[in-house]
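All chains are named by letter (A, B, ...) in the order of the sequence lines, taking the proteins before the strands, and each is independently numbered beginning at 1. Only a predicted model underlies this, so the values are computations on that prediction, with no experimental measurement involved.
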Protein chains: 2
Amino acid sequence: MKATIYDVAREAGVSIAAVSQVMNGKGKISEERRAEILKTMERLNYQPSVIASALTGKKTYTLGLVVPDISNPFFAEIARAVEDQGHEMGYSLIICSTDNKDERVERYLTLLQQKSVDGMIIGTGMDNKDMLKPIMDRAIPVVMIAREMQDLALHTVVVDDFVGGRMSASHLIALGHKRMAILAEHSKVTSSRERVKGFLHTLGEAGITLSDTSVRNCSYTVENGKREALSLLEQPAAVRPTALFCCNDMLAIGALQAAKQLKLRVPEDVSVIGFDNTILASVTDPPLTTIAQPIEPMGKQVVDLLLMELKKRSQDKQRVVMRPELIVRQSTGAPATQG
Amino acid sequence: MKATIYDVAREAGVSIAAVSQVMNGKGKISEERRAEILKTMERLNYQPSVIASALTGKKTYTLGLVVPDISNPFFAEIARAVEDQGHEMGYSLIICSTDNKDERVERYLTLLQQKSVDGMIIGTGMDNKDMLKPIMDRAIPVVMIAREMQDLALHTVVVDDFVGGRMSASHLIALGHKRMAILAEHSKVTSSRERVKGFLHTLGEAGITLSDTSVRNCSYTVENGKREALSLLEQPAAVRPTALFCCNDMLAIGALQAAKQLKLRVPEDVSVIGFDNTILASVTDPPLTTIAQPIEPMGKQVVDLLLMELKKRSQDKQRVVMRPELIVRQSTGAPATQG
DNA sequence: TTGAAAGCGCTACCAC
DNA sequence: GTGGTAGCGCTTTCAA
């Protein structure tokens, strides 16, 4: 059976308080006792129970990461960055894939509370923001990554989505595109909305407007992107968009697949630009031009903010905005025919 | 502050035992008291503490998943499958990325024990199997996924790696290849070893042998695969392999990149076949022929085995072997010149 | 310095 | 049916 603090105390001939003290480096213990206790712990292969110590008002050293889907490379990469930075500081990570469903979000949020996580990192959207209320009421630190929660005072780490959208547009415009379309995520996803907004803004500056049907809302799956792209690209060449701005790499891949299915060449017949610069972007056919998010620094940053908040609750919340970067690969080029 | 069982009891005018009872559906409680208590819990927004209940000898409803790297799509997909099946049964998942480093494995294993997880799912390799001993001594259920631990009685869910290797070889041989090479993972990875073995076995049956330098050990990164593939493909056409069997999709992507860099056409100049059939395989240039692992069923299965073990320790451990499947895409074809 | 003892929130046993 | 109570393993006063 597992050795407890009692076993150690008994074996070492001291009180449990003494053992607790050497573990936490608190109180005053003579060097010899200290050494003796340490030795006994070693011998018994003693592992202090985080559970018990958490119950005593301490921390669980566990964080919750709530994202739409851990199997989505973007979030998987975020998870890794968060895990590493957390691990560095002694924290473990519970992952929660919500599929962007409020009902799953709620269930996970409740679960994380019951498990007394020390803090939560939210990277998923949710329709009903009130779900976060009870958590904040209980003073459980919450930080956002790659998503924003308007009207809620929360530390937030995001990439400048608006600028990312603008970068996309500038790139496409510089290439000579005039007829474009957008594969957006669900409209409740703020980051996607901002990207679209930035894209349209720069288009507007260049005197280009898009018809309503040129902005398609998709879920965040490849299949969905493909379906919407198909309906966009099936149009006659004269009205078909010559470039597709996709709000994430998965959608861009769907677009690539749609183009292939329709025997359209990329980028000659249609340019495709993604967002996120996940590993996927570097392996597609052709390699995807995309807007990079600095995932690792974002993950580090968000954990740092969370731990800072953990140490000392603060009224003013930071909003860290990181700069996106245009990564030009081979899925974008000048349109073959004048649009 | 958070409401406790005492708050509920007081507000409802009953004992904490009564509250505990209705929560766990045990004991006997009159319908009216029951309703009253439920109502009070609701009103106070009471969330029972898993921590406290765990301390009372119950479960933590938390599982640990130990894999090399959660940002690797293969493991990310496994994680999702495991998370879903676990969530279904009320369990949360702590992820642990080890980078296949024993020191990280050990640290995580210790951590998971201290956090009193109910069970662990191991999908990472480790040099020193003794690390698992203390865990098994403590009777913490452990199951393996996509990896084997020889000499250790553990439930295991794997794909038939040997057969997968054979499938690869058969496919390549049928295409007419004679000079082939292998990008293997580190030799300590049993699954990789089996794949190589199966591949070589079938080659042998066809009277084909490989030189020692034709089997390269890599880590599991794209960069590594690329480097090894480069050194393999840089050879003069007369001796250069016409096909590369890669023990996972990441390595295969590295091979694809190496070929591209050397201006070799795939599959005309060199065929590439991967393993795992992650999302990556479907988006490469050209799309990757690969051996599919049934990831989702494997994840489900492994959780089921773990929970079964949790319910009732059993002496005989199962070894579930799932059948791999050859997915032919466009990275393999007949060699352009006779080898 | 050191240790006895009071909880932390909950479960389960047992007496009423 | 119902509630009192003894822990679970650990932290933290507070006396000694």
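- The distance from atom CG of B:N24 to atom P of C:dG9 is 17 Å, rounded to the nearest whole Å.
- Note on B:K58: every side-chain N or O is 4.0 Å or more away from OP1 and OP2 of C:dC10.
- Within a 6.0 Å sphere centred on NZ of A:K133, other residues, nucleotides and ligands contribute 12 heavy atoms or fewer.
- The stretch residues 34-50 of chain B touches DNA chain C through B:Y46, B:P48, B:S49, each having a heavy atom under 4.0 angstrom from the strand.
- Contact check, A:R33 against C:dT2: a side-chain N or O comes under 4.0 Å of OP1 or OP2.
- Judged by distance alone, the side chains of B:K115 and B:T62 never bring a donor and an acceptor atom under 3.5 Å apart.
- The side chain of A:A17 lies closest to C:dA4, out of D:dG9, C:dA4, D:dT2.
- If you check D:dG1, C:dC13, D:dG9 against the side chain of A:T4, the one that comes closest is D:dG9.
- When rounded to the nearest whole Å, the span between CD1 of B:I51 and C1' of C:dG7 equals 17 Å.
- Each side chain to side chain donor-acceptor pair (under 3.5 Å) pair with one or both residues in residues 32-48 of chain B, not counting sequence neighbours, appears once here: B:E11-B:R43.
- Taking both residues in full, the closest heavy atoms of B:E148 and B:T190 are given as N-OG1, 3.4 Å, listed atom of the first, atom of the second, then distance.
- When the nucleotides D:dT2, C:dC10, C:dA5 are ranked by their closest atom to the side chain of A:I16, C:dA5 comes out on top.
- Remark: B:S20 is in phosphate contact with C:dT11, judged by side-chain N or O atoms under 4.0 Å from OP1 or OP2.
- In terms of position on DNA chain D, the residue among A:M23 and B:Q21 whose nearest nucleotide sits closer to the 5' end is B:Q21.
- Checked against ring-ring contact (aromatic ring centres under 6.0 Å, His included), A:Y91 has the following partners two or more places apart in sequence or in another chain: A:Y61.
- Taking the nucleotide of DNA chain D with the nearest heavy atom to each of B:L55 and B:I29, the more 5' of the two is matched to B:I29.
- Of all nucleotides listed (D:dC10, C:dT1, C:dG3), C:dT1 comes nearest to the side chain of A:K28.
- If you take CG of B:D7 and C1' of C:dG9, they are 10 Å apart, rounded to a whole angstrom.
- An OP1 or OP2 oxygen of D:dG9 is reached within less than 4.0 angstrom by no side-chain nitrogen or oxygen of A:T56.
- Of all the heavy atoms in A:I94 and A:V117, the pair that sits closest is CD1-CG1, 4.5 Å.
- With rounding to whole Å, B:R138 atom CZ is found 12 Å from D:dG9 atom P.
- What separates CD of B:E31 from P of D:dG1 is a distance of 10 Å, to the nearest Å.
- Here the nucleotide nearest the side chain of B:Y6, chosen from C:dC10, D:dG9, C:dG3, is C:dC10.
- Of the two residues near DNA chain C, A:A52 and B:K26, the one whose nearest nucleotide lies more 5' is A:A52.
- The base of C:dC10 lies outside donor-acceptor range of the side chain of B:S53, with no N or O pair under 3.5 Å.
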Dump the intermediate steps for side chain to side chain contact (heavy atoms under 4.5 Å, CB included) on A:T124 and A:R147, then the final yes or no. CA-CA 7 Å; A:T124 189; A:R147 283 277 191 289; 5.6 Å; no
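- In this model, a donor atom of one side chain and an acceptor atom of the other lie less than 3.5 Å apart for A:E83 and B:S97.
- Separating the NZ atom of B:K59 from the P atom of C:dG9 is a distance of 24 Å, rounded to the nearest angstrom.
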